Protein chains: 2
Amino acid sequence: MGTGSRDVERMIDLLWRTGQPGTRGPRGSLTVDRIVATAIEIADAEGLGGVSMRKVAERLGVTTMSLYRYVPGKEDLLDLMFEMASGVPDTDAWPDDWRGRLTAYALDSRALLLGRPWMADIPLSGPPMGPNNLTWMEAVLSSLDSTGLPDDDMVGMLMLLTSFVLHDVQQQLSMTRAVPRTGVSYEDWGHIYGRTIAARADPERFPTVARVVASGAFGDEASTADEDFLYGITFVLDGIDSLIKTRNGGA
Amino acid sequence: MGTGSRDVERMIDLLWRTGQPGTRGPRGSLTVDRIVATAIEIADAEGLGGVSMRKVAERLGVTTMSLYRYVPGKEDLLDLMFEMASGVPDTDAWPDDWRGRLTAYALDSRALLLGRPWMADIPLSGPPMGPNNLTWMEAVLSSLDSTGLPDDDMVGMLMLLTSFVLHDVQQQLSMTRAVPRTGVSYEDWGHIYGRTIAARADPERFPTVARVVASGAFGDEASTADEDFLYGITFVLDGIDSLIKTRNGGA
DNA sequence: GACTTGGGTATACACCATACACAGTTTTAG
DNA sequence: CTAAAACTGTGTATGGTGTATACCCAAGTC
């Protein structure tokens with residue numbers, strides 16, 4: 001039983017701040033909490049690219065290498081940052097019906113990611129395992145519980161919704177980040193994109209793309225990012241709705 | 001008209017291999033194609049982390065800096081790699097009905113990403129703009145065209161499907177990559193995850209998560225990654241189906 | 001033949017993660 | 001009470017990274 005996978009165990013201990021300190025040597029001057037919080041400060045100020053072991057250590061007044069007494073490596077530090085910055089959803093403010101709750105989840109998690117864009121830059125390294133992220137997960141799953149969906153479907157819906165939000169945020173970030181470089185705002189992107197595609201995309205080769213782009217479906221009418229998101233989330237929920245009906249009803 | 005956004009213009013030229021060489025100086029010994037292809041070779045062999053400007057240049061027998069005569073920087077090189085490695089979908093092998101086609105799209109693009117895992121590691125830097133990626137896009141949109149969905153919905157569905165596939169692949173990769181480190185196979189992950197959650201997640205605090213995990217909905221019965229994916233894609237398509245019915249029918 | 005344009009090179013900078021050996025400190029075992 | 005063991009933080013070193021700058025030279029243009 002329980003062979004292998006020491007790494008995972010270690011990471012879990014870090015995420016849950018469990019794992020007794022061991023009483024032999026001198027008590028450390030740092031804590032995982034302080035390290036992670038400091039890294040988050042840097043990320044908030046300079047983005048994920050600004051986070052380096054050196055800078056974190058410097059800000060804490062220690063050598064770079066001392067961090068490695070607390071954290072296995074940078075990758076794990078990033079995971080810890082994500083967990084800590086995730087915080088916990090304010091489910092009290094959520095509506096009661098599943099649809100409203102899932103919408104709230106989507107909006108809240110999106111707001112979280114947009115407020116701390118570096119979170120969306122962290123390459124994901126596995127399913128959520130920290131307490132905060134589990135709380136988010138619980139919030140979604142419990143919201144779905146009333147729908148009568150089987151557990152497998154609930155998990156599927158959770159993943160679908162999560163991936164949609166993440167992808168949406170990443171797309172939006174990639175565009176808004178280009179603003180200072182290129183002077184193109186999010187609202188203009190539809191135009192630019194449309195014009196670019198229109199200029200290059202031979203209607204013979206890309207008939208549908210050309211038509212759709214020309215129709216302005218890519219936000220040509222200067223839609224807001226939030227509008228686009230709400231629009232997108234709508235039919236994710238529609239899809240879930242239909243699945244519920246299918247599972248409960250016929251077919 | 002067309003102010004700003006020189007960067008985008010340059011990138012488009014690179015993606016489409018347009019942009020005339022300028023006839024004044026000596027003809028270059030390299031081409032964008034050769035550079036990108038070489039970078040892809042390295043990525044195939046060593047992963048995205050193995051790709052460095054130095055290594056690409058070395059393999060081409062030139063200095064590092066000469067690459068910058070052809071490519072603005074590493075980030076753009078990565079985008080070019082993605083575009084080139086994307087290739088073009090074999091739509092002839094796709095079925096005729098929209099559902100079959102979208103399934104084929106999901107499977108094919110997933111296979112592509114799993115075959116070249118580094119593609120999923122490239123941080124996306126905007127909507128698809130290269131010819132190959134537009135071809136993929138065209139394949140999906142044209143498949144949706146027969147459903148009678150309005151253009152906006154078609155775009156939404158495209159994004160939904162794409163984000164689902166990408167997220168699924170990233171998740172699977174993060175788990176299979178942990179195998180050599182931890183000795184935990186993908187099939188075992190459900191167990192590990194379940195056991196871990198079960199051990200930490202207080203059923204008082206995470207009742208639904210605890211129940212769902214205990215029920216084995218996270219792949220506890222040693223399901224294959226492909227099974228999981230097919231299962232997931234099913235209800236994405238179900239969702240699309242219901243949207244189609246909604247749009248065409250009542251409500 | 002002068003001039004302009006552009007390709008490839010060499011050098012240099014600033015930075016990165018982390019392996020390793022070691023000194024100092026604290027607790028525990030004998 | 002002493003010696004071993006455990007543990008922390010440091011210093012140093014390794015082997016990378018992307019890319020700015022200045023330069024020389026070949027190739028076309030006038």
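Labels below follow one simple rule: chain letters A, B, ... track the order of the sequence lines, proteins then strands, and each chain is numbered from 1. The figures that follow rest on heavy atoms only: side chains count, while hydrogens, waters and symmetry mates do not. Note that this is a predicted model, so its numbers are computed, not measured.
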Determine whether [X] and [Y] make a side-chain contact, defined as any pair of heavy atoms from C-beta on separated by less than 4.5 Å.
| X | Y | answer |
| --- | --- | --- |
| B/Glu41 | B/Arg59 | yes |
| B/Leu14 | B/Tyr70 | no |
| B/Ile233 | B/Phe229 | yes |
| B/Val169 | B/Met119 | no |
| A/Arg205 | B/Glu138 | no |
| B/Asn132 | B/Phe82 | no |

Between [atom1] of [X] and [atom2] of [Y], what distance do you get to the nearest 0.5 Å?
| X | Y | atom1 | atom2 | value |
| --- | --- | --- | --- | --- |
| A/Leu48 | A/Ile40 | CG | CD1 | 11.0 Å |
| A/Gln171 | A/Asp228 | CD | CG | 11.5 Å |
| B/Glu9 | B/Thr18 | CD | OG1 | 10.0 Å |

When every non-hydrogen atom of B/Ser52 is compared with those of B/Lys74, the smallest separation belongs to CA-NZ, 4.4 Å
Expressed as a whole number of angstroms, how long is the span from [X]:[atom1] to [N]:[atom2]?
| X | N | atom1 | atom2 | result |
| --- | --- | --- | --- | --- |
| B/Arg34 | C/dG8 | CZ | C1' | 14 Å |
| A/Lys74 | C/dC15 | NZ | P | 14 Å |
| B/Leu67 | C/dA10 | CG | C1' | 15 Å |
| A/Lys55 | C/dA17 | NZ | C1' | 14 Å |

Open item on the list: Measuring to OP1 and OP2 of C/dG8, would you say a side-chain N or O of B/Tyr70 lies under 4.0 angstrom away?
Closed with: yes
At a 4.0 Å cut-off to heavy atoms of chain B, the contacted part of DNA chain D spans D/dT17 to D/dT29
Any donor-acceptor N or O pair under 3.5 Å, side chains B/Tyr105, B/Thr91 = no
Here the residues of residues 56-66 of chain A within 4.0 Å heavy-atom distance, strictly under, of DNA chain C are A/Thr64, A/Met65
Heavy-atom contacts, protein to nucleotides 21-30 of chain C, under 4.0 Å, summarised as B (base), S (sugar-phosphate only) or - (none) per nt, yield ----BBBSS-
